[in-house]
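Residues: numbered from 1 along the sequence shown.
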Amino acid sequence: MLACLLACILLFTSGCGTKQAGDEATDGWGETQSLSVATEWAGLDFDAPAESFQLDDGTQITLTTYRYRKGIVEALYRGDDYELVLRRSNVLEGQALAEDPNAYAQEWEETIQTKSVHCLGDGVHANVAYFDEDGDHFSITCHIGASDRGLNADELTAFLAP
């Protein structure tokens with residue numbers, strides 16, 4: 001049985017370059033250190049984001065892992081008392097992609113390069129930001145629910161347009 005399972009895995013991973021979501025991705029989140037594994041299972045391309053990112057206050061956040069499920073790829077960044085999640089999807093968009101049910105005091109638009117980014121937070125710090133590009137949907141979440149601890153406009157710009 002184990003040999004059959006290994007043969008199936010090898011057959012699946014040696015297929016052509018077309019991205020097609022793997023069965024594992026339909027059952028919840030998978031986690032990996034490999035961007036290529038995450039994109040293969042999700043069935044979605046994803047450009048590798050920066051390995052680390054520094055906030056205006058000097059806080060360093062670092063890419064720790066990739067997560068995936070059918071139609072969604074995520075880069076998870078963590079630092080000292082900090083978490084930032086960048087997602088790309090071809091199935092979910094906006095707050096549904098961000099998976100943040102919180103209500104925030106302010107909603108506003110930021111223009112970053114040519115992207116119109118919808119932000120939720122306190123009007124200065126975005127806890128949730130989302131936008132569409134190249135037919136796919138993107139979200140960034142940062143300190144969900146803590147509206148005074150999100151990304152400011154300069155940090156959001158630096159993260160999205162390094």
Side-chain angles (χ1 to χ4, degrees), residues 9 13 17-22 24-102 104 110-122 124-162:
I9 290 172
T13 59
T18 303
K19 298 283 185 219
Q20 198 170 27
E24 177 184 323
T26 63
D27 296 327
W29 289 102
E31 191 168 309
T32 182
Q33 296 300 308
S34 169
L35 179 59
S36 63
V37 168
T39 59
E40 175 119 3
W41 279 101
L44 185 67
D45 287 328
F46 188 70
D47 291 331
E51 291 291 319
S52 65
F53 178 72
Q54 186 169 345
L55 301 176
D56 288 350
D57 67 1
T59 300
Q60 188 74 27
I61 57 175
T62 304
L63 178 64
T64 59
T65 192
Y66 295 101
R67 295 186 343 145
Y68 56 89
R69 67 181 186 208
K70 186 177 182 180
I72 303 174
V73 177
E74 164 182 301
L76 176 62
Y77 290 80
R78 285 203 173 122
D80 294 336
D81 191 35
Y82 211 87
E83 182 174 288
L84 183 141
V85 176
L86 170 64
R87 288 183 177 168
R88 181 176 188 166
S89 176
N90 60 8
V91 295
L92 294 176
E93 60 186 291
Q95 240 175 315
L97 175 59
E99 293 184 344
D100 181 3
N102 292 295
Y104 291 97
E110 292 284 344
T111 301
I112 299 174
Q113 291 181 330
T114 60
K115 300 173 188 72
S116 178
V117 180
H118 190 81
C119 299
L120 305 169
D122 66 0
V124 174
H125 302 95
N127 296 94
V128 177
Y130 51 86
F131 61 95
D132 296 332
E133 185 175 65
D134 297 330
D136 284 330
H137 314 288
F138 294 82
S139 73
I140 298 169
T141 56
C142 180
H143 283 304
I144 290 176
S147 60
D148 62 337
R149 297 189 65 204
L151 298 176
N152 66 37
D154 291 339
E155 293 166 336
L156 198 56
T157 300
F159 185 69
L160 290 175

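For Y104, there are no ring pair (Phe, Tyr, Trp, His ring centres under 6.0 Å) partners at least two apart in sequence or on another chain.
C142 and R149 make their closest contact through SG-O, 4.0 Å (heavy atoms, listed as atom of the first residue, atom of the second, distance). Scanning all heavy atoms of the two residues, the minimum distance from L44 to G71 falls at CD2-O, 3.5 Å. What you find for D56 and E155 is that their closest heavy atoms are N-OE2, 2.9 Å.
Between L92 atom CG and K70 atom NZ the span is 12.0 Å, to the nearest 0.5 Å.
With no hydrogens or angles considered, a side-chain donor-acceptor pair links D132 and H137 at under 3.5 Å. For the residue pair N152/D154, the side-chain donor-acceptor check at 3.5 Å is not satisfied. In this model, a donor atom of one side chain and an acceptor atom of the other lie less than 3.5 Å apart for S36 and S34.
Classification of the H143-Y82 ring pair by plane angle, with boundaries at 30° and 60°, yields perpendicular. Using bins of under 30°, 30° to 60° and over 60° for the plane-to-plane angle, the ring pair H118/Y130 lands in the tilted bin.
Taking the centre of each ring, Y77 and F159 come in below the 6.0 Å mark.
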Evaluate the side-chain contact (heavy atoms from CB on, under 4.5 Å) criterion for residues I140 and F138: first the C-alpha distance (whole Å), next the side-chain angles of each, then the deciding distance (0.1 Å), finally the verdict.
CA-CA 7 Å; I140 298 169; F138 294 82; over 6 Å; no
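Looking at R67 and E99, no side-chain N of the basic residue comes within less than 4.0 Å of a carboxylate O on the acidic one, giving no salt bridge.
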